[in-house]
Engineer: 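One structure, pasted below without further comment.
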Protein chains: 2
Amino acid sequence: MTESPAYHHGNLQQALVEAGAQLIEENGISGISLREVAKIAGVSHSAPYRHFKDKNALLTGIAEVGFQRLGHAMQLAVEQHPGNAREQLIEAGVAYIRLALDNSEMFHLMFGGLIAAEDPSEALQQSSVLAFQGLVLIIQGGQKDGLYKQAEANELALTAWSLVHGYAMLASTGKLHHMTNSRKAILSLARYIESHLIDGIAR
Amino acid sequence: MTESPAYHHGNLQQALVEAGAQLIEENGISGISLREVAKIAGVSHSAPYRHFKDKNALLTGIAEVGFQRLGHAMQLAVEQHPGNAREQLIEAGVAYIRLALDNSEMFHLMFGGLIAAEDPSEALQQSSVLAFQGLVLIIQGGQKDGLYKQAEANELALTAWSLVHGYAMLASTGKLHHMTNSRKAILSLARYIESHLIDGIAR
DNA sequence: ACCTGAACACCGTTCAAGT
DNA sequence: ACCTGAACACCGTTCAAGT
């Protein structure tokens, strides 16, 4: 037989990340261990060290797939409202918040400050910058249409990002339980909040 | 002598919380252990279980002092700008962001989603609601002065909170490194961001 | 090159026992 | 009522050894 020997089926690195992503949504961010991820992937507890420097590196890898999902979801929302910079901004924000609610443990891993920033030139930085660039494009499109102020697009995009990110964080950590309970009410309130922001951005 | 025997000096519960708060800013949120907190407080590793159900309960206690500090800092900022609802909102936000930058590990403990929400009627909820109520008061004051829109004050306050909280989170987790580096630049940019929001709230 | 298994120093949590 | 110390099942990480 031409099969590889006792090794893992092809790509252990990816298998570990996928196992970790699954485990983190099940057991929560603090209920994940390198040893159990390895067990799910079907290797010994020391095998992951061939592919990741330490646990933090694995968590970073898991967070990266989260950023890819996030960018994808926002892109999709934008494409569904062509030529309408107002709807684009609002629905991209709703997609952002939706992901925070539906994959909250992953979201907290990505943004909760648990992963040490260590290297400033890391891949994680890249991923979050990409998502931000999408926002800048929406703003610039809206500026061309005369919908948004002629201020620095980076600044307006950061304002929108901060608002949406803050709301997503507060909602996904239960800090809004005293105002809204259901998922539907949270998403509906999000649109009101975002429209308050846009009225500030609009000239 | 009338001293208590081999027991701890009076209030172990408080000593544990203080030791934890100190340790968390030194070693980071994932470098804190119940056993080391106990050691710093000068008791055995099982002593904390008389005062806290488990590690999560101790972390909750630590986060609570963080919320108290936060409420205090915001209150102080408001008092320094009497009768000026615009400066009050901006500077309360800056105080919020300043705390996130200077006590980032504590801030991530409070808002990072690590502490299980479990009981919806917990003390933590109380603390964060209190900080929010301060915001509502600022908004209502500004509405009386004709500075802010006559919309639901709760909704406007949540909008402001989301913006400031999101910016604080992004800044304190290093997500803005590609735009701003220094602490000073981050705080200065915060005021621009906030003014974009207020222009939306103002009628 | 890739993986295993023993080993080490640490955890959180429980529980009988001490004062 | 409050604390200790042993015990248990788990960690992350390292390292010699196997194929």
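Just so it is clear: chains get the letters A, B, ... in the order the sequence lines come, proteins before strands, and each one is counted from 1. Keep in mind it's a predicted model, so treat the numbers as computed, not measured.
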Engineer: How do A:E36 and A:R50 order along DNA chain D: which one's closest nucleotide is nearer the 5' end?
Structural biologist: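 The answer here is A:E36.
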Engineer: Select one nucleotide: of D:dG5, C:dC3, D:dG12, the one nearest the side-chain heavy atoms of A:Y49.
Structural biologist: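 So the side chain of A:Y49 is nearest to D:dG12.
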Engineer: What I want to check is whether the side chains of B:W161 and A:Y167 have a donor and an acceptor closer together than 3.5 Å.
Structural biologist: no
Engineer: Ignoring hydrogens and geometry, is there a side-chain-to-backbone donor-acceptor pair from B:S195 to B:Y192 under 3.5 Å?
Structural biologist: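 Such a contact is found between B:S195 side chain and B:Y192 backbone.
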Engineer: Rounded to the nearest Å, what distance is computed from the CZ atom of residue B:F52 to the P atom of nucleotide C:dT13?
Structural biologist: 13 Å
Engineer: Please check if atom NE2 in A:H72 has more than 12 non-hydrogen atoms from other residues, nucleotides or ligands closer than 6.0 Å.
Structural biologist: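 Atom NE2 in A:H72 is not packed in, count stays at 12 or less.
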Engineer: Please work out which of the three classes, parallel, tilted or perpendicular, describes the rings of A:Y96 and A:F111, given edges at 30° and 60°.
Structural biologist: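 Tilted, since the angle between the ring planes falls between 30° and 60°.
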Engineer: Which stems, defined as runs of 3 or more consecutive Watson-Crick or G-U wobble pairs with both pairing distances under 3.5 Å, involve DNA chain D?
Structural biologist: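 In DNA chain D, stems of three or more pairs: C:4-8 with D:12-16, C:12-16 with D:4-8.
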Engineer: Side chain of B:A47 only, heavy atoms from C-beta on: which candidate in C:dT14, C:dC11, D:dC3 is closest?
Structural biologist: D:dC3
Engineer: Decide whether A:E18 and A:Q14 meet the rule of one side-chain donor and one side-chain acceptor closer than 3.5 Å.
Structural biologist: yes
Engineer: When the distance from CD of A:Q13 to P of C:dC2 is rounded to whole Å, what number comes out?
Structural biologist: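 Distance, rounded to whole Å: 10 Å.
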Engineer: Return the value, rounded to whole Å, for the distance between atom CG of A:N11 and atom C1' of C:dC2.
Structural biologist: 13 Å
Engineer: Counting any heavy atom closer than 4.0 Å, what does A:S33 reach on the DNA or RNA strands: base, sugar-phosphate only, or nothing?
Structural biologist: sugar-phosphate
Engineer: Does the side chain of A:S172 pick up a donor-acceptor pair with the side chain of A:H108 at under 3.5 Å?
Structural biologist: yes
Engineer: Over how many whole Å does the gap from B:L34 atom CG to D:dT4 atom P extend?
Structural biologist: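 Whole-Å distance recorded here is 13 Å.
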Engineer: Taking the side chain of A:K55 as its heavy atoms from C-beta onward, which of C:dT13, D:dG12, D:dA16 lies nearest to it?
Structural biologist: D:dG12
Engineer: Check nucleotides 6-8 of chain C for protein N or O atoms closer than 3.5 Å to its own N or O atoms and list the pairs.
Structural biologist:
unit_1 : atom_1 : unit_2 : atom_2 : d
C:dA6  : N6     : A:H45  : NE2    : 3.1

Engineer: Rounded to whole angstroms, how far apart are NZ on A:K39 and P on D:dC10?
Structural biologist: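 One finds 8 Å between P of D:dC10 and NZ of A:K39, rounded.
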Engineer: May I have the distance from A:L12 (atom CG) to C:dT4 (atom C1'), rounded to whole angstrom?
Structural biologist: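 That distance rounds to 13 Å.
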Engineer: Please confirm whether the shortest side-chain N or O distance from A:H51 to OP1 or OP2 of C:dC2 is below 4.0 Å.
Structural biologist: no
Engineer: Nearest whole Å is fine: how far is D:dG12 P from B:N27 CG?
Structural biologist: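 It works out to 18 Å between those atoms.
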Engineer: Is there a donor in the side chain of B:K149 and an acceptor in the side chain of A:H196, or the other way round, less than 3.5 Å apart?
Structural biologist: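 Note: B:K149 and A:H196 side chains meet the donor-acceptor criterion.
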Engineer: How many Å lie between CG on B:L58 and P on C:dT13, as a whole number?
Structural biologist: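 Taking CG of B:L58 and P of C:dT13, I get 10 Å after rounding.
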Engineer: Using distance alone, with no hydrogens and no angle criterion, decide if B:Q68 and B:E64 have a side-chain donor and acceptor under 3.5 Å apart.
Structural biologist: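 Looking only at side-chain atoms, B:E64 and B:Q68 do not form any donor-acceptor pair under 3.5 Å.
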Engineer: Does any N or O in the side chain of A:E91 come within less than 3.5 Å of the main-chain N or O of A:A77, such that one atom is a donor and the other an acceptor?
Structural biologist: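 Not confirmed, A:E91 side chain does not pair with A:A77 backbone.
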